[in-house]
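Throughout, a chain's letter reflects where its sequence line sits, starting with A, and its residues are numbered from 1.
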Amino acid sequence: MENSDNKSSLDALVSLCKRRGFIFQSSEIYGGFAGFWDYGPLGCELKKNIKDSWWKETVRLREDVEGLDASIIMHPSIWKASGHLDTFADPMSMCKACKKLVRADQIWDIFGESDIFAALEPLLGDAGKTANWCKGRGRALAPNLLAVAQAETRLPEIFEKLAACADARTLYTLLSGVELPCPHCGGEMTEPRPFNLMFRTVVGPIDDPANAAYLRPETAQAIFAQFLNVVSTSRQAAPFGIAQVGKSFRNEVTPRNYIFRSREFEQMELEFFIKPDEAVEILCGNVEKLTPETDLSEPGANWGWECWHAYWVDQRKKWLVKNGLPETSFVEYWQTADELAHYARACVDIQYRFPFGVQELEGIAARSDFDLTQHCKHSGKAMDLFDEPLKLAVKAMTEEDRAARRAKIAADWAARGKTAEAANAFIDKLFEGKYIPHVIEPSAGVDRMALAMLCNAYAEETVTDDKGNSETRTVLRFSPLIAPIKVAVFPLVKNKPELYAKAREIFKGLRRHWNVFWDESGAIGRRYRRQDEAGTPFCVTVDFQTLDDGTVTLRDRDTMAQERISVEALRAKLLDLLD
RNA sequence: GCGGGUGUAGCUCAAUGGCAGAGCUCCAGCCUUCCAAGCUGGCUACGAGGGUUCGAUUCCCUUCACCCGCUCCA
């Protein structure tokens, strides 16, 4: 029951979006093209408003965030360093009997660690050590086992197999000699085939694999790749951020749910670089503990990654509410330690209650120094920030203090499974005032945001007129901030020249500031309803009284109430409501 | 990619192996002093390709797209 209601509400929305010019199927005259969508006159205004609102709030109104607009096709090494080239491929197996598709990596989840280890134990020896190294799941398995094989065994043939192995299922089969059955029905599975989600293209006139390049699958990596240039030209120091809005491309296996998962989509991403907690502790003497009482309204000097992460979750929620998604419409989901990517320390998904289910709208991840460290390794360029106050603070410490600090950091690192060499290298640099900053990444999908805002705004309500006739009014209750059309201006009638001219004059005046719509056709009620479907928050009607006293009527979309207001007051009021 | 379902006008739906229809929308005109009014006129469709047939929107095949599941997380 609930499902069919939900489905019909999405269908009604899809229909409205097409009818009113929000969203069209890509290449529709040729039958459409799966996974691609076009935004029509109202849709592109909506999207632009969402992006502008994000940009204004995230970049313009902050002194600690800079913008970037990087190219979509970048040096392929970037995707090598980020890991997308190796692991953005999902190897899949299909069951020959029940035809279900299983991600080869997920074998790990389905069969559990103990089964896998049982198979590996006779081949690799110490199962306890294996388990320790293989804390990561799925994708991390093969490289980790490679390390096990190198360090703990002298079996060259296994070493070779491991090196060639891309997924857990194949690995299991190679090591144990057992074909894993379908986890659903026990049937025989096909060979795993890689599904690389990156779009490949060729740069230059020669169609040669050596010239392969990729359309970016996320905007984030460009920010890391241009990190040094932004740092050296913007006079920013940690904590500070770099923001980017732009298209990304993923060759999804199954694009679904209208514009929710498409192959070409737009992202709004911020990489916010913060000092490592170790640096904060030296500078401030302590790192603030995150508690439910922590005041997140203004950043604190002694914030570590946990407070910064919570701060950005809070900031993003406030933005969503301000732009029309009430707090009750979304869910804040903290990923469990199990679900986190191996480099992530924490990740919050903000999920929206879409008609087709609760689905992710945006993610706010604490990614540690993983990305910059990767680019440092692959490019050979130091990604360190120099922090003079930190250097001075270290200099001011006594020899004993420094030794105690070194011991404490080394102990922390050891507890996190890091080697002593890595810890010492980090501390040496830290004491010189240098570190690779850690990053908090709020990453939102523009198209998903637009869909959520459309779903949230859509309403059908029954209105009853003076004569007692009731009918359905369809209305999009967008926040005025993102509404495609801000104001519509109507002459009450069009066959009275003075009234018409006055309305044109007001229209032209308002148009200088906002996207304003002119409509003179049909009865006034019909024109109001057209604007209701477009989500226009305000309608201004010029009537005979306007000619006498200069006032117009301002009609509110949601209440349908009207007030008389002078043209000057109207401008001030709109400025207040729309900015 | 696999299984199931669906494709007729901008939208919602009819009918039919032999001229494809309606309501709403949209456009033009008349009229109109505030919530889809009225009158007149108008535009617009069988997803694409192939086959069977004298003739296919209808039957068959292929393909494309959408919806539901497997899968996916911006």
### Task
Could you please name the option among B:rC34, B:rA65, B:rA36 that lies closest to any side-chain atom of A:Ile524?
B:rC34

### Message
From C-beta outward on A:Asn495, which listed nucleotide comes closest to its side chain: B:rU32, B:rG10, B:rA74?
### Response
B:rU32

### Query
Using the C1' atom in both, what is the distance from B:rG50 to B:rA56, to the nearest Å?
13 Å

### Query
Expressed as a whole number of Å, how far does the C1' atom of B:rC34 sit from that of B:rC67?
42 Å

### Task
Once you apply the 3.5 Å cut-off to both distances, tell me the Watson-Crick or G-U wobble partner of B:rG21, or none.
B:rC13

### Task
Ignoring backbone atoms, establish whether A:Asn257 has a side-chain N or O less than 4.0 Å from OP1 or OP2 of B:rC73.
no

#### Entry: Nucleotide of B:rU33, B:rC66, B:rA36 approaching A:Phe544 most closely (side-chain heavy atoms)
B:rU33

### Query
Looking at the side chain of A:Arg530, which of B:rG29, B:rA74, B:rC27 is the nearest nucleotide?
B:rC27

### Query
A:Gln335 near the nucleic acid: base, sugar-phosphate alone, or nothing, with a heavy-atom cut-off under 4.0 Å?
nothing

### Query
With respect to the side chain of A:Leu492, which nucleotide from B:rC35, B:rC73, B:rU33 is positioned closest?
B:rU33

### Query
Ring centres of A:Tyr39 and A:Phe22 under 6.0 Å apart?
no

### Message
Determine whether the aromatic ring centres of residues A:Phe36 and A:Phe33 are separated by less than 6.0 angstrom.
### Response
yes

### Task
Go through B:rA36, B:rC27, B:rA74 for me and flag the one nearest to the A:Ser443 side chain.
B:rA74

### Message
Using atom C1' in both nucleotides, what's the gap between B:rC43 and B:rG10 to the nearest angstrom?
### Response
11 Å

### Query
A:Asp543 side chain: which of B:rC34, B:rA74, B:rC27 is closest?
B:rC34

### Query
Paired with B:rU52: which nucleotide, if any, by Watson-Crick or G-U wobble criteria at under 3.5 Å for both distances?
none

### Message
What contact category does A:Ala444 fall into here, base, sugar-phosphate, or nothing, at under 4.0 angstrom with non-hydrogen atoms?
### Response
sugar-phosphate

### Query
So what's B:rA65 paired with, Watson-Crick or G-U wobble, going by both distances under 3.5 Å?
B:rU6

### B:rU40 pairs with, by Watson-Crick or G-U criteria that keep both distances under 3.5 Å
B:rA28

### Span that lies between the P atom of B:rG7 and that of B:rA36, in whole angstrom
34 Å

### Query
If each of A:Phe260 and A:Arg473 is mapped to the nucleotide of RNA chain B with the nearest heavy atom, which maps nearer the 5' terminus, i.e. the 5' end?
A:Arg473

### Query
Say you pick atom P in B:rU12 and the same atom in B:rG47; how far apart are they, in whole Å?
14 Å

### Task
Could you tell me how the ring of A:Trp518 sits relative to the ring of A:Phe507: parallel (under 30°), tilted (30 to 60°) or perpendicular (over 60°)?
tilted

### Query
Is it true that A:Phe265 and A:Phe249 have ring centroids separated by less than 6.0 Å?
no

### Task
May I ask you to verify if any side-chain N or O of A:Arg250 is less than 4.0 angstrom from the OP1 or OP2 atom of B:rA74?
yes

### Message
Suppose you measure atom C1' in B:rG18 against the same atom in B:rC26; what distance do you get, rounded to whole Å?
### Response
32 Å

### Query
In the strands shown, is B:rG1 matched to any nucleotide by a Watson-Crick or G-U wobble pair with both distances under 3.5 Å, and which?
B:rC70

### Summary
Which of A:Gln351, A:Lys317, A:Arg316 passes side-chain hydrogen bond (donor to acceptor under 3.5 Å, both in side chains) with A:Glu332? Answer is A:Lys317

## Note on the structure
Expected label for B:rC19 (glycosidic angle, syn inside 90° of 0, else anti) would be syn

### Query
Taking all non-hydrogen atoms of both residues, which atom of A:Ile482 and which atom of A:Asn49 are closest, and how far apart?
O-ND2, 3.2 Å

### Message
Taking only the P atom of each, what is the distance from B:rC46 to B:rC11 in whole angstrom?
### Response
13 Å

#### Entry: Any donor-acceptor N/O pair, A:Trp334 side chain to A:Cys347 backbone, under 3.5 Å
no

### Query
A:Met560 has a side chain; which of B:rC35, B:rC73, B:rC11 sits nearest to it?
B:rC35

#### Entry: Centroid-centroid distance, A:Trp308 to A:Phe272, less than 6.0 Å
yes

### Task
Using a cut-off of strictly less than 4.0 Å, decide whether A:Lys494 has a side-chain nitrogen or oxygen near OP1 or OP2 of B:rU32.
no

### Message
I'd like to know if A:Ser15 reaches the base of B:rC11 with its side chain such that a donor and an acceptor end up less than 3.5 angstrom apart.
### Response
no

## Note on the structure
Nearest-nucleotide check on RNA chain B, A:Pro255 vs A:Glu266; residue mapping nearer the 5' end is A:Pro255

### Query
Nearest to the side chain of A:Ser262 - B:rC35, B:rA65, B:rA74?
B:rA74

### Query
Nearest to the side chain of A:Ala34 - B:rC66, B:rA74, B:rU25?
B:rC66

### Query
Does the base of B:rC34 carry an N or O that pairs as donor and acceptor with the side chain of A:Gln562 under 3.5 Å?
yes

### Query
Do the side-chain N or O atoms of A:Arg526 get closer than 4.0 angstrom to the phosphate oxygens (OP1, OP2) of B:rU25?
yes

### Message
With the six-membered base ring of B:rC64 as reference, does the ring of A:Tyr30 sit under 5.5 Å away with planes under 30° apart?
### Response
no

